[in-house]
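FYI, the numbering just counts along the sequence from 1. Just follow the structure's listing: the first ligand is 1, and inside any ligand the first atom is 1.
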Amino acid sequence: MTDTNGDVDCLFCKIVAGEIAADIVHESATTVGFRDLNPQAPTHVLVVPRSHYANAADLAAGEPETAAHLFHAAREIAASEGLGDSYRLVINTGADAQQTVFHTHVHLLGGRAMTWPPG
Ligand code: 5GP
Ligand code: ZN
């Protein structure tokens, strides 16, 4: 099930619902931010919509205003984490792009120098 009512088997829906614990650093009416369990940088926060969409394309098609909210939330979290104006936002979309959790999420990474390309 990939509609906005949530997915009973979705890890991030359970975090949004408070059914699975997470280190939550941001909450708004439409978005939640929590620290990644396996951080890849000193700051590694996942920013997710409360609504369940499997990937960024589905979110953009179904709830474009919430897609914009993700970027606004990332900006607020970057500021509260003291990242200044230097951080990276990553949205893995699809298995070949290393998406492993199929509830749209933006990785907010910061606090260290980055390299490019990401690989
Ligand atoms: P993806 O590979 O789909 O772009 O990113 C999924 C992210 O979710 C990974 O960086 C992974 O470390 C993180 N993750 C997986 N399970 C959990 C969990 O139970 N709690 C938290 N906070 N992060 C998780
Ligand atoms: Zn979900």
inquiry  = Looking at ligand 1, is there an atom of it that comes within less than 4.0 Å of some heavy atom belonging to Phe12?
reply    = yes

request  = Check if Gln40 has a non-hydrogen atom at a distance under 4.0 Å from any atom of ligand 1.
outcome  = no

Does ligand 1 have a heavy atom under 4.0 Å from the side chain of [X], from its backbone, from both, or from neither?
X: Phe34; result: side chain
X: Thr100; result: both
X: Val90; result: neither

task = Can you tell me, to 10 degrees, how wide the angle at the Zn ion (ligand 2) is between ND1 on His103 and SG on Cys10?
result = 110°

query = Is it true that Arg50 and Glu63 make a salt bridge, defined as a side-chain N closer than 4.0 Å to a carboxylate O?
reply = no

Element-labelled atoms of ligand 1 that are located less than 4.0 Å from some non-hydrogen atom of [X]:
X: Gln99; result: 3 (O)
X: Asn38; result: 12 (O)
X: Val101; result: 3 (O), 6 (C)

Under 3.5 Å: N/O of Ala22 near N/O of ligand 1 = no

Heteroatom distance test (Leu11, ligand 1): nitrogen or oxygen, under 3.5 angstrom = no

task = For atom 5 (O) of ligand 1, state which one of His103, Gln98, His44, His105 supplies the nearest heavy atom.
result = His105

inquiry  = Just by distance, no angles: are the side chains of Thr93 and Gln99 close enough, under 3.5 Å, to form a donor-acceptor pair?
reply    = no

task = Assess the side chains of Ser28 and His69: does a donor N or O sit below 3.5 Å from an acceptor N or O?
result = no

note = for atom 11 (C) of ligand 1, nearest protein heavy atom and its distance come out as Asp36 OD1, 3.4 Å

ask   = Is a donor on one side and an acceptor on the other found under 3.5 Å between the side chain of His103 and the backbone of Asn55?
value = no

task = Answer yes or no: is there a donor N or O on one side and an acceptor on the other, between the side chain of Thr104 and the main chain of Tyr53, under 3.5 Å?
result = yes

task = Flag the pair Val90 / Leu109 as yes when at least one side-chain heavy-atom distance between them is below 4.5 Å, and no otherwise.
result = yes

remark   = Checking distances from the Zn ion (ligand 2), one finds that the N, O or S atom of His52 closest to it is ND1

remark   = Between Val47 and the options Val25, Ile77, Val32, Ile91, the side chain to side chain contact (heavy atoms under 4.5 Å, CB included) test singles out Ile77

